[in-house]
Amino acid sequence: MPFRFATRAAGALAVVAAAAGLMGQYGGAPIWWEAGSNERMPFSSVFKNNAGDLLVYNAGGETTAGTHPFFTPLGSNGRGCITCHQLSNAMSVSTDRMQERWATTGGRDAVFDTIDGANCPDLPQRERASHSLLLERGVFRIDQHWPAAGVTPDFTIEVVRDPTGCNTSAKYGLHAATPTISVYRRPRITGNLKYLDAGAAFTADSRATTLEAQVLDAIQKHEQGAAIAPEDIKRIVDFEREIYVAQGRDETAGDLSTFGAPPLLGAWSLGRTKPDSSASGMMTVANWAGNKPSAETDFRRSVERGSVLFSTRTFAITETANLHRGNGRTPVEGTCATCHSERMTGANAQQPWMDIGTTSLPWSGDQKDLPLFKVTCAANAAPHPYLGRVIYTNDPGRALVTGKCADVGSLVMQQLRGLAARAPYFTGGSAKDLRAVIDFYDRRFRARYTEQEKQDLVNFMSVL
Ligand code: HEC
Ligand code: HEC
């Protein structure tokens, strides 16, 4: 596709969307996709969100959903990949959208399917309370056999609190015929994936190291299907590698995708720019604000400051296991970009998973609606670098795959694109908005941001 056309089209789209006040769509792509529909996914689509418009760019060209395996049910529960990786939510889902779907379908949408769209399959399915985690946190149940095949763990797990009933359930729990652990996690973006291939870590615990393996995992876990033809796996993966998502227009700052906008913002630049591992830090937004006194200029200045804070404002990174620097105990001086180091996505190809405490006490705080596990590490195991040998966690993360005490709570970081379209944040959906993310970091790393700095960081995050 000629990019000159694409760049001009992005500007035009944003203008049309703004002028016509279109309720979040352009190019005919629906806001909510049912699996198996006959819609077409156009070359580009625009969806409204609280901060402006999200742009989804389908570099492979128009896709006919009815005949594409990403969009069609591959198992027995009527879901396709599209069900939980929705265009309008930057190829994830948001709690706003989940609540809307619950209201309009009386909870009958396939997304609420018992297998993982309910807190536990053995709860009464018509009741809203049985789906509270998906509705309030945007998380799906991920069930993992324990211990994982071929792994001899160096710790034991006990269930301390089980608000969903699933970890103590005779059928699904830790003492079932096939011992299983249920954790609850946000869907991750199935776009911009070309950039994540370098890290080769998909899902929060990196149980999948290739996109092909991830397709099989998804079909088995979410769609209750068994088999898929190799050519369909290839079509799904090829498709995922051609999808680019980013915020395209900001309500106040204006267009993020045309000439004059910072070069690395917007989905078009993602499509054009090669993964660039030499550059460190997400990006710095500069020379954008201009001098004209206006709300637009003020907001752009704030974004510029936010981008600089992101990559230059240092704090002591303490108690972070599996960080690529340090030993997890001695503080390391760093910035947001020390961890979110890849330029186009903010992911970290060098060391994709680490533990910043979002799912373990004390930093996670008391997450009463999630299960709480007690992990006890063997006396001869390498202890967790800062939590020692007894750990309380909502999600052991990477340790569910490796069986290692030192990996408890380590999670593969998400990419930071399309954030405005897909609240809430963190693997367990524990930060309800971007401000809550920044507040977490302010507390966690004692960054002592001023009110203005917090707002600048939020504004920067909201245009990515
Ligand atoms: C029921 C909802 C649901 C369905 C259906 C679903 N996914 Fe997902 N997807 C998720 C969740 C939840 C995660 C995060 C899992 C985790 O972190 O353990 C995820 C993660 C992923 C990731 C990892 C992205 C990353 O950056 O780590 C990819 C790729 C993906 N899904 C592709 C697919 C494909 C392909 C299909 C269809 C075959 C599919 N998904 C169907 C919910 C779903
Ligand atoms: C020590 C490493 C580290 C530092 C420093 C760090 N992050 Fe993160 N970040 C992570 C990890 C790991 C996750 C994934 C946590 C989870 O999923 O629960 C994450 C997740 C996020 C998310 C959530 C993305 C999503 O899709 O849910 C945002 C937003 C974010 N970080 C922004 C920032 C900002 C802004 C800063 C600086 C104030 C920062 N991070 C500093 C490691 C770090």
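One-based numbering, in listed order, for ligands and for the atoms of each. Being a predicted model, the structure only gives us computed values, none of them experimental.
When hydrogens are left out, the protein atom nearest atom 26 (O) of ligand 2 is Arg422 NH1, 2.7 Å; that is the closest non-hydrogen contact. Cys336 SG, 1.7 Å is the protein heavy atom nearest to atom 37 (C) of ligand 2. Of the protein's heavy atoms, Cys339 SG, 3.3 Å lies nearest to atom 4 (C) of ligand 2. Protein heavy atom in closest approach to atom 42 (C) of ligand 2: Met413 CE, 3.6 Å.
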### Task
Kindly indicate, with the supporting measurements, whether the criterion side-chain contact (heavy atoms from CB on, under 4.5 Å) is fulfilled by Ile236 and Ile228.
CA-CA 11 Å; Ile236 290 178; Ile228 177 171; 4.1 Å; yes
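Ligand 2 lies less than 4.0 angstrom from a heavy atom belonging to Leu416. Assignment of Trp353 to the shell around ligand 2 is not supported, since no heavy atom sits closer than 4.0 Å. In this structure, Ile438 is part of the shell of residues with a heavy atom less than 4.0 angstrom from ligand 2. Within the structure, the closest approach of Thr335 to ligand 2 falls below 4.0 Å when heavy atoms are considered.
For the residues Val437, Asp439, Asp442, Ile189, the heavy atom positioned nearest atom 29 (C) of ligand 2 is part of Val437. Relative to atom 31 (N) of ligand 2, the option among Tyr441, Tyr425, Phe445 with the closest non-hydrogen atom is Tyr441. When Arg185, Gln144, Glu240, His85 are checked for heavy-atom proximity to atom 19 (C) of ligand 1, His85 turns out nearest. Nearest-heavy-atom check against atom 11 (C) of ligand 2 across Ile356, Leu309, Asn348, Leu464 picks out Ile356. Checking Ala218, Gly80, Ser206 against atom 5 (C) of ligand 1, the nearest heavy atom belongs to Gly80. Atom 21 (C) of ligand 1 has its nearest heavy-atom neighbour, among Lys221, Arg188, Gln214, in Gln214.
In this structure, Arg141 is positioned above the aromatic face of Tyr172, its NZ or CZ under 6.0 Å from the six-membered ring centre and within 45° of the axis.
Remark: ligand 1 atoms within the under-4.0 Å shell around heavy atoms of Ile219 are 38 (C). Near Arg207, the atoms of ligand 1 lying under 4.0 angstrom from a non-hydrogen atom of the residue are 15 (C), 16 (C), 18 (O). Near Ala204, meaning under 4.0 Å from one of its heavy atoms, ligand 1 places the atoms 16 (C), 17 (O), 18 (O).
Counting heavy atoms closer than 4.0 Å to ligand 2, residue His340 contributes side-chain atoms (C-beta onward) but none from N, CA, C or O.
The N/O atoms of Thr427, backbone and side chain alike, include one that comes under 3.5 Å of an N/O atom in ligand 2. Ligand 2 has no N or O atom lying under 3.5 Å from any N or O atom of Thr320, backbone or side chain.
Residues Glu100 and Trp32 have side chains that never bring a donor and an acceptor to within less than 3.5 angstrom of each other.
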